[in-house]
Participant: 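So that we are looking at the same thing, I have put the structure below in structure tokens.
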Amino acid sequence: MSGNEDRGETHDVSTPLAETPQAPPPPPTRRSPGRVQFNHRIRADRDRLLQKYKNKHETSMQAIVDQMVDEYLSARGLLPQDSE
């Protein structure tokens with residue numbers, strides 16, 4: 001038994017002893033512009049170069065493909081100005 005119980009003292013559990021820290025807010029929800037599946041084969045030597053680039057710059061294939069498509073479309077005047 002604890003010292004408080006020996007003296008007949010009780011503690012109201014509805015009153016916190018100390019301020020309980022609030023949980024941090026959840027991360028913001030990222031709203032994606034929507035994605036579709038995009039599967040195509042590329043040359044093996046190009047894949048090796050892309051993997052090397054990905055590792056060197058600590059990025060993802062998703063980010064690389066997004067940038068490649070944007071650059072390709074932009075160079076041909078097909079990318080809307082608000083999408084850049």
Participant: Rounded to the nearest 0.5 Å, what separates atom CG in Leu78 from atom CZ in Arg76?
Facilitator: 8.0 Å
Participant: Ile64 pairs by side chain to side chain contact (heavy atoms under 4.5 Å, CB included) with which of Met68, Gln67, Gln62?
Facilitator: Met68
Participant: Anything under 3.5 Å between a donor and an acceptor, one on a side chain of residues 45-53, the other on a protein residue two or more places apart or in another chain? List them.
Facilitator:
{"from": "Asp45", "atom 1": "OD1", "to": "Arg43", "atom 2": "NE", "distance (Å)": "3.2"}
{"from": "Asp45", "atom 1": "OD2", "to": "Arg43", "atom 2": "NH2", "distance (Å)": "2.9"}

Participant: What residues form a side-chain contact (heavy atoms from CB on, under 4.5 Å) with Glu58, not counting sequence neighbours?
Facilitator: none
Participant: Could you go through the side chain to side chain contact (heavy atoms under 4.5 Å, CB included) check for His40 and Val65 one step at a time?
Facilitator: CA-CA 11 Å; His40 294 279; Val65 170; over 6 Å; no
